[in-house]
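A short write-up of the structure that comes next.
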Amino acid sequence: METAAAASTKGPSAAPSWADMETDCLVHVFARLDLEDLAASAPLVCRGWRRAAADPSLWRALDLRRDHLARFMPWAPLAAAFARRYAVHRFSLAGFLRLCVSRARGSAHDVALPPLLADPAHEIDHISLQCPRLQRLALPQLTAADEARLPDLIPRWPLLEHLELDTKPSSSSPSSFPALVAQLALHCPAFASLKTSGAVKPEDAAAVARSLPGLRSLCLDRSYLPREQLLAILAGCRELREFSARGCVGFDENDEEVLRRGARIQRFDVGGSKLVDDDLEEEFAAGGGGFCDLSDVDVIVM
């Protein structure tokens, strides 16, 4: 048996190598990395890290909106890393999105798309087929034709709980928003949260109140939202716990009836909302696009 004196002459044990860590431990650590590091940095270290970085659990939340213009430009570090690792010389956001979806292996539950996709409808179709367990979805501004297709895709996401639309479908397809809401009510029993912005017409408010009475969270910031439509929504959605209509046009933030209806809601915020001048009311009611449109974004085709 080795004596204590002999043992004391030996140096300290070598620290375990990161490369020798168990895969599940690495996965736990990698959960703190951004998608870019998981795709183009961690896999370059060694086989063990490559195996851990490919674990589907790390690709379940795919938020591609943050700093999208800087992150996905051809000269950005991410594109350079892909060129070195995968010999990809025409890096594109659509290609990166498909890589993320593929790594998730059908387990993605949270997807947020930026307004930089050349063909968002094509990618949304792909997500609807490859991400059947989706619970949260955030979409950029779409064309009228793409908006009209959304109701047909909703049945593919039976677990959907939250939907975020940069702009509410309304312009060229007057029935598309009521149809979308009806599909959510029919096919997504756990649906509880909606965020959008646009001109809320009487048929839109009626659809929300009729089809989504169990809605828990609703955000209509920066919308054209007439008082009558607002009151109809508040009267129909009795389960609301969060409601936000900040910076809207169509009602006054100090309207006593609006505040009375909102008093039962835990988080109720209508700050900055105001009535519109009479000579502008018809313009907003016709579509509200000028008030609610996003700032123009210069898109670089890659």
Test side-chain contact (heavy atoms from CB on, under 4.5 Å) applied to V101 and W59, step by step: CA-CA 7 Å; V101 170; W59 302 88; over 6 Å; no
side-chain contact (heavy atoms from CB on, under 4.5 Å) between L165 and L150, intermediate numbers included: CA-CA 11 Å; L165 304 170; L150 284 179; 4.1 Å; yes
Stepwise side-chain contact (heavy atoms from CB on, under 4.5 Å) check, V111 with L113: CA-CA 7 Å; V111 174; L113 302 183; 3.8 Å; yes
Step-by-step salt bridge (Lys or Arg N to Asp or Glu O under 4.0 Å) determination, D55 to R103: CA-CA 7 Å; D55 190 281; R103 294 278 177 87; over 6 Å; no
Residue pair R60, D110: steps toward the salt bridge (Lys or Arg N to Asp or Glu O under 4.0 Å) verdict: CA-CA 6 Å; R60 290 174 182 167; D110 188 344; over 6 Å; no
CA sep, side-chain torsions, deciding dist, call: F191, L159, side-chain contact (heavy atoms from CB on, under 4.5 Å): CA-CA 8 Å; F191 189 78; L159 303 181; over 6 Å; no
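With rounding to the nearest 0.5 angstrom, the CZ atom of R136 is 8.0 Å from the CD atom of E164. Atom CG of L194 and atom CG of L220 lie 7.0 Å apart (nearest 0.5 Å). If you take CZ on R261 and CG on L240, they are separated by 12.5 Å, rounding to the nearest 0.5 Å. One finds the CZ atom of R156 at 12.5 Å from the CG atom of L134 (value rounded to the nearest 0.5 Å). Taken to the nearest 0.5 Å, the CG atom of L180 stands 6.0 Å off from the CG atom of L163. Rounding to the nearest 0.5 angstrom, the gap separating the CG atom in L129 from the NE2 atom in H126 is 8.0 Å.
Counting non-hydrogen atoms of other residues, nucleotides and ligands closer than 6.0 Å to NE2 of H187 gives a total above 12.
P151 approaches A148 most closely through the heavy-atom pair CD-O, 3.3 Å. When every heavy atom of E147 is checked against every heavy atom of K168, the shortest pair comes out as OE2-O, 4.3 Å. In terms of heavy atoms, S197 sits closest to S223 at CA-OG, 3.3 Å. Nearest heavy-atom pair across F251 and L225 is CD2-O, 3.3 Å. Of all heavy-atom pairs between R246 and D221, the closest is N-OD1, 2.8 Å. When all heavy atoms are compared, the tightest approach of A52 to L58 is O-CD1, 3.3 Å.
Both F30 and L99 belong to a single network of hydrophobic side chains, linked directly or stepwise wherever heavy atoms of I, L, V, M, F, W or Y lie under 4.5 Å apart. In the hydrophobic clustering of ILVMFWY residues, with side-chain heavy atoms under 4.5 Å counting as a link, L62 and L153 come out together. Under the 4.5 Å side-chain heavy-atom criterion for grouping Ile, Leu, Val, Met, Phe, Trp and Tyr, V208 is not connected to L186 through any hydrophobic cluster.
With a 4.5 Å cut-off on side-chain heavy atoms, L215 and S193 do not count as touching.
The salt bridge (Lys or Arg N to Asp or Glu O under 4.0 Å) test with D255 singles out one residue from R260, K274, R227, and that residue is R227.
For the 3.5 Å distance criterion, the side chains of D125 and S128 fail to qualify, holding no donor opposite an acceptor.
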